[in-house]
Amino acid sequence: MSEKVERYAKEYAKEHVKEYAEDYAKEYAKKYVEENRISTLASNVEMLMKNTSFTLEQAFTNLEISDDDKVIITKIIQEHQS
């Protein structure tokens with residue numbers, strides 16, 4: 001390979017690896033933030049139920065938990081109680 005072609009190939013590969021690494025880092029960060037958000041909500045629901053004797057539904061209502069999050073949080077709380 002000529003030097004120009006080899007240099008271009010290296011630069012092209014370097015750019016794409018960098019883009020891939022950045023995309024991976026962004027996706028990992030999004031996943032971490034989402035897991036942390038759900039974990040925090042589950043803890044808040046459990047704490048509210050413990051401190052106020054609210055039912056699960058009352059805690060969800062008072063914390064304005066979305067229907068999608070309710071499903072996930074319910075599973076987490078059930079796992080904690082097992």
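When reading the values below, keep in mind they use all heavy atoms of this one structure, side chains included, and skip hydrogens, waters and symmetry mates. Remember, predicted model here, so these are calculated numbers, not experimental data.
- In this structure, the separation between NZ on Lys70 and CG on Leu63 is 10.5 Å, given to the nearest 0.5 Å.
- Identified under the salt bridge (Lys or Arg N to Asp or Glu O under 4.0 Å) test for residues 73-82, with sequence neighbours left out: none.
- With sequence neighbours excluded, the residues that form a ring pair (Phe, Tyr, Trp, His ring centres under 6.0 Å) with His16 are Tyr12.
- Between the CG atom in Leu41 and the CD1 atom in Ile76 there is a gap of 9.0 Å [rounded to 0.5 Å].
- The shortest distance between side-chain heavy atoms of Val71 and Asp67 does not fall below 4.5 Å.
- Here the OG1 atom belonging to Thr52 is positioned 7.5 Å from the CG atom belonging to Asn62, to the nearest 0.5 angstrom.
- By the neighbour-count criterion of 12 heavy atoms within 6.0 Å, atom CD of Glu22 is densely surrounded, having more than that number from other residues, nucleotides or ligands.
- The pair Lys30-Glu27 counts as a salt bridge, with a side-chain nitrogen and a carboxylate oxygen less than 4.0 angstrom apart.
- Side-chain N or O atoms of Ser39 include none that pairs as donor or acceptor with a backbone N or O of Glu35 at under 3.5 Å.
- Here the OG1 atom belonging to Thr74 is positioned 4.5 Å from the CG atom belonging to Leu56, to the nearest 0.5 angstrom.
- For the pair Ala59 and Leu48, the tightest heavy-atom approach, listed with the atom from each and the gap, is CA-CD2, 3.8 Å.
- Ile73 places a side-chain heavy atom less than 4.5 Å from the side chain of Phe60.
- Residues Thr55 and Met49 form no side-chain contact, since every pair of their non-hydrogen atoms from C-beta on lies 4.5 Å or further apart.
- A donor-acceptor pair under 3.5 Å links the side-chain atoms of Ser82 to the main chain of Gln78, judged by distance alone.
- Between Arg37 and Glu34 there is a salt bridge, with a side-chain nitrogen of the basic residue lying less than 4.0 Å from a carboxylate oxygen of the acidic one.
- With rounding to the nearest 0.5 Å, the separation of CD in Gln58 from OG in Ser53 is 9.5 Å.
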